[in-house]
Amino acid sequence: MCEDDHSGDHGIGRRALFVTGAAAALTLGSVSFPSEAADAAHGSETRTVRGTLPTGSPDFVYLPVEVPDGVREIKVAYTYEKPSVPAGTAGNALDIGVFDQRGTELGGKGFRGWSGGARTEFFIRADDATPGYIPGPVKEGTWHIALGPYTVAPQGLPYEVTITLTYGEPGAVVKPVYPPSRAKGRGRAWYRGDCHLHSWYSDGRRTPAEIAALARAAGLDFINTSEHNTHSAHAHWASEAGDDLLILLGEEVTTRNGHVVALGTDPGTFVDWRYRARDNRFGKYARRIREAGGLVVPAHPHATCVGCNWKFGFGEADAVEVWNGPFGPDDEVSLADWDSMLVASVREGRGDGGGGRDWIPAMGNSDAHRDPDPVGTPQTVVLADDLTREAIQEGIRAGRSYVAESQKVSLSFSAAGPKGEHAGIGGRLKVDRDDPVTVTLEASGVPRCTVRFVTDQGVLHTSAVLPVSGAGVVEWRTTAQYAAYVRAEVRHEAAVGPLPGALAAFTNPIFLGRG
């Protein structure tokens with residue numbers, strides 16, 4: 001049992017924790033403010049709560065705050081101790097957010113912001129709020145400060161939370177303006193995008209304007225905002241959109257069992273994150289993403305950070321982020337895992353290349369947070385009918401895409417049959433099992449790289465090293481009996497021994513056969 005101290009002008013009391021709802025959440029005793037303080041024009045009142053969370057704490061600890069009428073602004077600041085711990089032992093990390101008088105119900109309307117561990121204080125008022133938080137009136141009722149003990153040291157996690165209410169007339173509520181869902185585009189064409197980015201509206205350090213400038217410099221046609229567990233940035237991107245840059249809105253739903261990018265949701269959509277795989281709730285929130293017009297994209301599924309490894313399975317995925325930021329060992333594992341999923345789809349007769357739930361396309365994104373993280377490394381290049389939200393999403397969902405390390409890299413990948421049959425990335429070449437098939441990759445911007453053709457059997461062809469000009473054409477002949485699908489990898493020269501070099505680009509597959 002934990003206890004907490006409430007201190008302020010009215011003395012100190014001690015109140016015990018009690019369980020609320022799911023076993024993964026606890027609620028502290030409430031903090032109250034005298035209603036008569038509202039009569040003091042533009043005055044303020046402060047309360048401080050101190051306590052210690054033990055190891056094995058629940059995922060969320062809620063601190064109720066009784067907010068009286070007449071409050072103009074609520075401000076919260078917090079600190080916690082970070083004692084030294086033995087090597088290999090997690091230290092203290094405490095996240096924070098807030099829910100208003102509408103409550104903390106999962107998927108409810110009470111969410112007013114989350115900054116994780118990126119900030120030590122925040123404020124909310126009608127006309128403004130700290131990045132990560134949703135501006136709007138501070139209404140009377142029970143608000144809840146949400147504490148998230150991400151990891152707790154063996155010594156426990158001593159914390160202090162200070163709540164300040166400022167009274168007075170509220171400012172004018174600002175109506176949000178969102179970016180358009182269409183840019184000028186070039187008709188049916190290949191469009192470059194980065195769908196996993198962070199600004200100062202979560203734990204990034206860049207402004208939307210800085211990110212938009214970097215996206216344009218990286219040759220991108222579209223981006224997707226994906227702040228951790230908040231939609232607060234949605235209303236701050238309209239001025240950065242233009243005929244040359246489509247800005248999609250989303251969220252990185254950051255659970256304790258993995259992260260998922262909500263890609264291209266309706267403006268103002270919030271997707272809850274307060275559950276684990278064992279709670280059997282992810283399907284509900286995956287549907288929430290789709291109902292809001294978005295795609296469900298598990299992010300960095302084999303990342304090694306605490307809580308980052310994907311544990312919900314891929315039954316709800318519209319695509320999977322195989323390459324995240326500079327290519328590394330976890331991306332290599334993700335690529336191999338995705339290839340195994342392709343093999344399974346062929347085995348189960350689902351690899352028809354027609355999109356939907358038949359197979360899961362792959363994509364790559366930068367996950368850029370701050371300098372020197374490059375925006376657009378990598379980037380997903382999508383064949384879409386136009387530069388609109390719906391067209392880009394349809395291209396991603398159908399797997400008509402490849403992933404490149406930069407705008408310098410361009411690929412053309414196709415398969416041809418003996419009677420003029422033809423298929424491109426994400427498609428199916430409908431030929432008989434013994435018909436000869438010619439697979440062709442044209443590449444540019446990949447000097448001294450090699451091309452590998454990967455099938456359900458593994459790597460069946462590796463090219464000679466491409467010239468320093470970075471351009472080349474590689475062909476390979478096979479049959480549908482020999483290869484149920486073919487995808488291409490373009491890799492840099494390996495630094496050591498027989499290991500494959502880092503990726504410069506890879507494609508989604510072309511399926512071979514009648515299906």
Item to complete: Give, for atom CZ of Phe327 and atom OG1 of Thr377, the distance between the pair rounded to the nearest 0.5 Å.
Response: 14.0 Å
Worksheet item: Considering the options Leu147, Thr52, Asn92, which one meets the side-chain contact (heavy atoms from CB on, under 4.5 Å) requirement together with Tyr80?
Response: Asn92
Fill in: With sequence neighbours excluded, residues passing ring pair (Phe, Tyr, Trp, His ring centres under 6.0 Å) with Trp190
Tyr402
Discussion item. How long is the straight-line distance from CD1 of Ile247 back to NE2 of His234, given to the nearest 0.5 Å?
Written reply: 11.5 Å
Worksheet item: Please walk me through it: do Met363 and Ser401 pass side chain to side chain contact (heavy atoms under 4.5 Å, CB included)?
Response: CA-CA 8 Å; Met363 63 186 307; Ser401 62; 5.6 Å; no
Item to complete: Please say whether more than 12 non-hydrogen atoms of neighbouring residues, nucleotides or ligands are located less than 6.0 Å from CZ in Arg276.
Response: yes
Worksheet entry | Salt-bridge contact Asp318-Arg290 (side-chain N to carboxylate O under 4.0 Å) | yes
Worksheet item: Are any non-hydrogen side-chain atoms of Pro301 and Asn309 less than 4.5 angstrom apart?
Response: no
Item to complete: Taking all heavy atoms of Ala404 and all of Val381, pick out the closest pair and write down the distance.
Response: CB-CG2, 4.5 Å
Practice prompt. With the side chain counted from C-beta on, respond yes when Ile392 and Leu387 share a heavy-atom pair under 4.5 Å apart, and no when they do not.
Written response: yes
Worksheet item: Is a salt bridge present between Asp272 and Lys284, judged by a nitrogen-to-oxygen distance below 4.0 Å?
Response: no
Discussion item. What's the separation between atom OG in Ser44 and atom CG in Leu165, rounded to the nearest 0.5 Å?
Written reply: 9.0 Å
Worksheet entry | Derivation of the side chain to side chain donor-acceptor pair (under 3.5 Å) call for His196 and Ser226 | CA-CA 6 Å; His196 188 167; Ser226 52; 4.5 Å; no
Discussion item. What I'd like to find out is whether the side chain of Trp143 reaches to under 4.5 Å of the side chain of Ile74, using heavy atoms alone.
Written reply: yes
Worksheet item: Is a donor on one side and an acceptor on the other found under 3.5 Å between the side chain of Glu251 and the backbone of Val271?
Response: yes
Worksheet entry | Side-chain donor/acceptor of Ser115 to backbone N/O of Ala118, under 3.5 Å | no
Worksheet item: Any Lys/Arg nitrogen of Arg206 or Asp371 sitting under 4.0 Å from an Asp/Glu carboxylate oxygen of the other?
Response: yes
Worksheet entry | Stepwise side chain to side chain contact (heavy atoms under 4.5 Å, CB included) check, Leu295 with Arg397 | CA-CA 8 Å; Leu295 300 184; Arg397 189 186 296 110; 3.1 Å; yes
Worksheet item: Does the ring center of Tyr133 lie less than 6.0 Å from the ring center of Phe123?
Response: no
Fill in: Flag side-chain contact, heavy atom, 4.5 Å: Pro135 against Arg125
no
Fill in: The single option from Asp330, Asp367, Asp331, Asn365 passing side chain to side chain donor-acceptor pair (under 3.5 Å) against Asn324
Asp367
Discussion item. Between His302 and Glu332, do the side chains contain a donor N or O and an acceptor N or O under 3.5 Å apart?
Written reply: no
Worksheet item: Parallel, tilted or perpendicular: which fits the ring planes of Phe282 and Tyr275, with parallel below 30° and perpendicular above 60°?
Response: tilted
Worksheet entry | Heavy-atom neighbours of Glu105 CD exceed 12 at 6.0 Å | no
Worksheet entry | Glu66 and Thr142: side chain donor to acceptor below 3.5 Å | yes
Item to complete: Answer yes or no: is there an ion pair linking Asp385 with Arg400, defined by an N-O contact shorter than 4.0 Å?
Response: no
Worksheet entry | Other residues, nucleotides, ligands: >12 heavy atoms within 6.0 Å of Trp338 CH2 | yes
Discussion item. Let's go through Arg216 and Asp244 carefully: what are the C-alpha distance in whole Å and the side-chain angles of both, what is the deciding distance for salt bridge (charged side-chain N to carboxylate O under 4.0 Å, His left out) to 0.1 Å, and is it a yes or a no?
Written reply: CA-CA 8 Å; Arg216 288 180 166 98; Asp244 63 331; 2.8 Å; yes
Fill in: Side-chain ion pair, Arg188 and Asp386, N-O less than 4.0 Å
no
Worksheet item: With His144, which residues qualify under ring pair (Phe, Tyr, Trp, His ring centres under 6.0 Å), at least two apart?
Response: none
Item to complete: Could you tell me whether the side chain of Ser366 and the main chain of Pro378 form a donor-acceptor pair under 3.5 Å?
Response: no
Discussion item. Let's go through Ser199 and Glu227 carefully: what are the C-alpha distance in whole Å and the side-chain angles of both, what is the deciding distance for side chain to side chain donor-acceptor pair (under 3.5 Å) to 0.1 Å, and is it a yes or a no?
Written reply: CA-CA 7 Å; Ser199 76; Glu227 310 296 355; 2.5 Å; yes
Worksheet item: So, the side chain of Arg389 versus the backbone of Gly264: is there a donor-acceptor pair under 3.5 Å, distance only?
Response: yes
Worksheet item: Under a 4.0 Å N-O cut-off, is there an ion pair linking Arg274 with Asp59?
Response: no
Practice prompt. Could you give me the CA-CA distance, side-chain angles and deciding distance for Arg112 and Thr230, then say whether side chain to side chain donor-acceptor pair (under 3.5 Å) is met?
Written response: CA-CA 9 Å; Arg112 290 297 292 272; Thr230 180; over 6 Å; no
Worksheet item: Using a distance-only test with no angle check, is there a side-chain donor-acceptor pair under 3.5 angstrom linking Thr164 and Thr46?
Response: yes
Fill in: Arg47 bridged to Glu45 by N-O distance under 4.0 Å
yes
Worksheet item: Picking from Asn508, Ile425, Leu342, what satisfies side-chain contact (heavy atoms from CB on, under 4.5 Å) with Arg487?
Response: Leu342
Discussion item. Using the ring centroid of each side chain, check whether Phe312 and Trp310 are separated by less than 6.0 Å.
Written reply: yes
Fill in: Heavy-atom side-chain contact between Phe60 and Pro58 under 4.5 Å
no
Item to complete: Locate the shortest heavy-atom distance separating Tyr191 from Ala384; write the atom from each residue and the value.
Response: CE1-O, 3.7 Å
Worksheet item: Do the non-hydrogen side-chain atoms of Trp114 and Asp95 ever get within less than 4.5 Å of each other?
Response: yes
Worksheet entry | Test: Arg205 and Glu210 ion pair at under 4.0 Å | no
Item to complete: Just do the salt bridge (charged side-chain N to carboxylate O under 4.0 Å, His left out) check on Arg119 and Asp203 with the steps written out, would you?
Response: CA-CA 8 Å; Arg119 288 182 168 79; Asp203 62 344; over 6 Å; no
Worksheet entry | Non-hydrogen side-chain atoms of Arg72 and Tyr167 separated by less than 4.5 Å | no
Worksheet item: How about Val61 and Leu28: do any of their side-chain heavy atoms sit closer than 4.5 Å?
Response: yes
Worksheet, complete the sentence: All heavy atoms of Tyr78 vs all of Gly117, minimum pair found to be OH-CA, 4.1 Å
